[in-house]
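Step one of this worksheet: look at the structure below.
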Amino acid sequence: MLSNKRIQELELVMEFEKVEECFKEVSSWIESVGRKRLKETINLDDSLEMLLQAQKQFKEFDLVASEYCKRGQEALKKMNQWEDFSFVDVHSYRIKLQTYGDQLEEFCTQLDETRHRVCETVRLYEFFDKVRQGIRCTEEDVKT
């Protein structure tokens with residue numbers, strides 16, 4: 001039984017190394033590209049035209065960022081099997097997984113919030129643009 005447990009532990013460690021490589025890639029992208037791009041969308045432009053351009057650029061970034069989030073979440077799912085093992089030796093791996101998971105969750109949440117904020121800002125600007133056009137039409141009607 002002890003031998004079987006050690007074999008299972010070694011298999012998990014080998015699996016963790018594969019998952020950790022994926023997480024390192026995802027984590028590196030989040031830190032070097034993802035967070036920087038999210039910060040760039042904090043200050044959105046004042047014109048509808050510029051805002052629509054920013055939305056288009058964000059959508060392109062969002063596709064890539066969502067793929068990284070998905071890859072990280074899939075890797076986490078693979079490691080859910082660790083919950084069934086109570087080996088002392090895997091505790092340090094669980095801590096690393098928790099750290100990666102927390103970073104991933106925080107980034108994915110920020111990505112969702114930014115996606116919603118950009119969408120709502122565009123909708124608001126489009127509404128104000130329609131109101132401005134309506135006011136101009138009304139002013140022209142009053143002048144004639």
Distance-minimising heavy-atom pair for Phe58 and Arg115: CE2-CA, 3.5 Å
Joint hydrophobic cluster, Phe127 plus Ile135, side-chain heavy atoms closer than 4.5 Å: yes
Full working for side chain to side chain contact (heavy atoms under 4.5 Å, CB included) between Lys70 and Glu67: CA-CA 5 Å; Lys70 182 180 174 183; Glu67 184 60 34; 4.3 Å; yes
Connected via hydrophobic side-chain network under 4.5 Å: Phe128 and Leu51: no
Aromatic ring pairing Trp29/Phe107, orientation class (parallel under 30°, perpendicular over 60°, tilted between): perpendicular
By salt bridge (charged side-chain N to carboxylate O under 4.0 Å, His left out) - contacts of Glu105 (at least two apart): none
Cluster link Leu10 to Val19, ILVMFWY, side chain under 4.5 Å: no
Joint cluster assignment, Val26 & Val64, ILVMFWY side-chain distance < 4.5 Å: yes
Pair Glu25 + Arg71: basic N to acidic O under 4.0 Å: yes
Exercise: identify the closest heavy-atom pair between Val122 and Leu48: O-CD1, 4.3 Å
Chi angles and distances behind the salt bridge (Lys or Arg N to Asp or Glu O under 4.0 Å) call for Glu106, Arg35: CA-CA 10 Å; Glu106 178 190 352; Arg35 292 193 193 284; 3.7 Å; yes
Distance, nearest 0.5 Å, that separates CZ of Arg117 from CG of Asp112: 13.0 Å
Contact check, side chains of Glu15 and Glu11, non-hydrogen atoms, under 4.5 Å: no
Straight-line distance of Tyr68 OH to Ser27 OG, nearest 0.5 Å: 11.5 Å
From CA spacing to verdict: side chain to side chain contact (heavy atoms under 4.5 Å, CB included), Lys24, Tyr100: CA-CA 8 Å; Lys24 283 181 179 179; Tyr100 287 133; 3.6 Å; yes
Closest contact, heavy atoms only, Gly101 versus Leu76: CA-CD1, 3.8 Å
Note, His116 side chain near Glu113 side chain (heavy atom, < 4.5 Å): no
Asp129 side chain near Tyr125 side chain, heavy-atom distance below 4.5 Å: no
Cluster link Leu111 to Val33, ILVMFWY, side chain under 4.5 Å: yes
Charged N-O contact under 4.0 Å between Arg123 and Glu126: no
Atom CG of Asn43: over 12 foreign heavy atoms under 6.0 Å: no
NZ/NE/NH1/NH2 to OD/OE distance under 4.0 Å, Lys59 and Asp62: no
From CA spacing to verdict: side chain to side chain contact (heavy atoms under 4.5 Å, CB included), Lys96, Phe16: CA-CA 10 Å; Lys96 285 183 180 181; Phe16 178 80; 3.8 Å; yes
Pair Gln73-Cys108, side chain to side chain contact (heavy atoms under 4.5 Å, CB included): steps then yes or no: CA-CA 10 Å; Gln73 290 164 346; Cys108 292; 3.9 Å; yes
Minimum heavy-atom distance between Arg37 and Gln57, given as atom pair plus value: NH2-O, 3.6 Å
Heavy-atom donor-acceptor pair, Thr41 side chain to Leu38 backbone, under 3.5 Å: yes
Approximate separation, where rounding is to 0.5 Å, of Gln55 CD and Cys119 SG: 6.5 Å
Inter-residue atom distance Ile30.CD1 - Gln110.CD, 0.5 Å rounding: 9.5 Å
Glu120, CD atom: more than 12 neighbouring heavy atoms under 6.0 Å: yes
